[in-house]
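Counting starts at 1 for both ligands and their atoms, in listed order. Fair warning: this is a prediction, and the values are worked out from it, not measured in the lab.
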Amino acid sequence: MLLNKTQIDKPDYKSEILRLKKELNATILAHYYQSDEIQDIADYIGDSLELARKAKATEASTIVFCGVHFMAETAKILNPDKLVLIPDLEAGCSLADSCPADSFTEFRKNNPQYLSITYINCTAAVKAASDIICTSSNAEKIVRQIPIETPILFAPDKNLGRYLMKVTGREMKLWDGACMVHEAFSEKKLLEVKHDHPQSKIIAHPECQENILAYADYIGSTSKLLTFIKEDSSESYIVVTEPGIIHQMKQIAPAKTFIPAPPLDDSCNCSECPYMKLNTLEKLYNCMLTKSPAINLSKELIDGSLKPLERMLSMS
Ligand code: 13P
Ligand code: SF4
């Protein structure tokens with residue numbers, strides 16, 4: 001068989017990534033929303049909390065973070081002296097974008113009565129202006145630890161905030177932010193899928209809107225959804241979150257069926273996170289080869305954002 005020029009020039013990414021991993025003394029961390037091939041080559045796959053914990057605990061001198069920018073930034077804040085690489089620097093997050101640091105700081109300045117619990121999906125500058133960080137895995141536990149007389153500002157995800165108010169009974173001031181992916185699920189189409197698969201349980205991420213969460217048999221962070229499908233006795237699930245997670249679901253429970261919930265618009269892949277999917281095996285290889293792009297943060301930003309992150313780790 002004759003190979004064309006591109007095939008000849010293209011390295012074997014998987015073996016090259018493994019070679020570079022040794023050369024750089026690197027660990028590859030990946031979020032559950034990454035492509036299947038990235039998940040398969042990662043040393044560790046997790047949700048935001050697990051990945052932050054792994055980043056803190058690693059003895060590797062380089063962290064290659066296959067996720068979005070705020071996740072890699074968190075790894076850098078926890079490891080200021082290590083090289084932290086991300087395959088694509090443009091891998092942002094619509095939730096983080098919905099909370100610009102200047103308006104958040106301004107709000108904090110004008111409303112000093114609030115204690116701010118800020119979802120980890122935000123920039124380092126917003127973290128530095130926050131009191132405590134949380135993830136969807138530990139948010140409820142953290143909210144429950146705040147004395148009842150303390151007013152809470154929850155930012156930036158209003159959907160997660162509203163869900164937390166419901167489960168804890170705690171009133172909170174909510175920032176008006178949302179995730180474009182979790183807001184793109186269609187209630188009408190979800191009900192149609194449920195109608196066609198009545199035995200399937202609906203499982204959803206708390207970033208979804210209230211009207212979608214109302215139908216969920218179980219609500220949880222990505223890692224909690226994985227634990228649920230492992231321990232639950234059902235054979236089939238309608239999964240209302242980014243479909244990248246289904247790769248791990250199939251590995252954990254190969255005999256079960258996982259149906260991705262449909263987005264509002266049939267003509268797009270809007271339930272796929274466009275930022276998470278910017279990372280590819282080729283970009284992963286290139287970033288390890290060139291040691292770039294790397295996450296760089298000022299000492300001031302690292303010192304400021306470390307405190308609320310450490311508060312989160314000690315409270316969860
Ligand atoms: P998890 O912490 O549940 O993995 O959520 C991260 C995220 O960005 C969901 O959109
Ligand atoms: Fe951000 Fe939403 Fe993508 Fe998660 S799925 S990284 S919240 S844009």
Give the residue, atom name and distance (to 0.1 Å) of the protein heavy atom nearest [atom].
atom	answer
atom 10 (O) of ligand 1	E207 OE1, 2.9 Å
atom 1 (P) of ligand 1	T222 OG1, 3.5 Å
atom 2 (O) of ligand 1	S48 OG, 2.8 Å

Residues that F228 engages under ring pair (Phe, Tyr, Trp, His ring centres under 6.0 Å), provided they are two or more places apart: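 Once residues adjacent in sequence are excluded, the partners of F228 under the ring pair (Phe, Tyr, Trp, His ring centres under 6.0 Å) criterion are Y218.
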Work out whether the distance between some heavy atom of [X] and some atom of ligand 1 is less than 4.0 Å.
X	value
Y32	no
E242	no
S136	yes
M276	no

Heavy atoms from other residues, nucleotides or ligands near CD of E90 exceed 12 (cutoff 6.0 Å): no
Within 6.0 angstrom of K194 NZ, more than 12 heavy atoms from elsewhere: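 Count over threshold, so yes.
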Any residue meeting side-chain hydrogen bond (donor to acceptor under 3.5 Å, both in side chains) with Q145, in chain and number order, not counting sequence neighbours: none
Minimum side-chain heavy-atom gap I86-I295 below 4.5 Å: yes
Sub-4.5 Å side-chain heavy-atom contact between E140 and T168: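 Yes; the side chains approach each other to less than 4.5 Å.
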Side chain to side chain donor-acceptor pair (under 3.5 Å): pairs with one or both residues in residues 293-304, sequence neighbours excluded: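 As it turns out, the side chain to side chain donor-acceptor pair (under 3.5 Å) pairs with a partner in residues 293-304, which skip direct neighbours, are K299-D303.
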Nitrogen or oxygen atoms of N121 and ligand 1 under 3.5 Å apart: yes
For ligand 1, which atoms have a heavy atom of [X] less than 4.0 angstrom away?
X	value
H182	10 (O)
D47	1 (P), 2 (O), 4 (O)
S221	3 (O)

Ligand 1 versus [X], non-hydrogen atoms closer than 4.0 Å: side chain, backbone, both, neither?
X	value
T135	neither
L95	neither
H205	side chain

Around atom 1 (Fe) of ligand 2, number of protein N/O/S atoms which are nearer than 2.8 Å: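 Protein heteroatoms (N, O, S) closer than 2.8 Å to atom 1 (Fe) of ligand 2 number 1.
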Test: K201 cationic atom under 6.0 Å from Y237 six-membered ring centre, within 45° of axis: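 That pair does not qualify as a cation-pi contact.
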Parallel, tilted or perpendicular: ring planes of W175 versus F104, cut at 30 and 60 degrees: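 Taking F104 first and then W175, their aromatic rings stand perpendicular (interplane angle over 60°).
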Nearest heavy-atom neighbours spanning [X] and [Y]:
X	Y	value
K277	Y33	NZ-O, 2.5 Å
S271	V181	O-CG1, 3.2 Å
A204	C208	CB-SG, 4.3 Å

Donor + acceptor pair across side chains of H182, T241 (<3.5 Å): yes
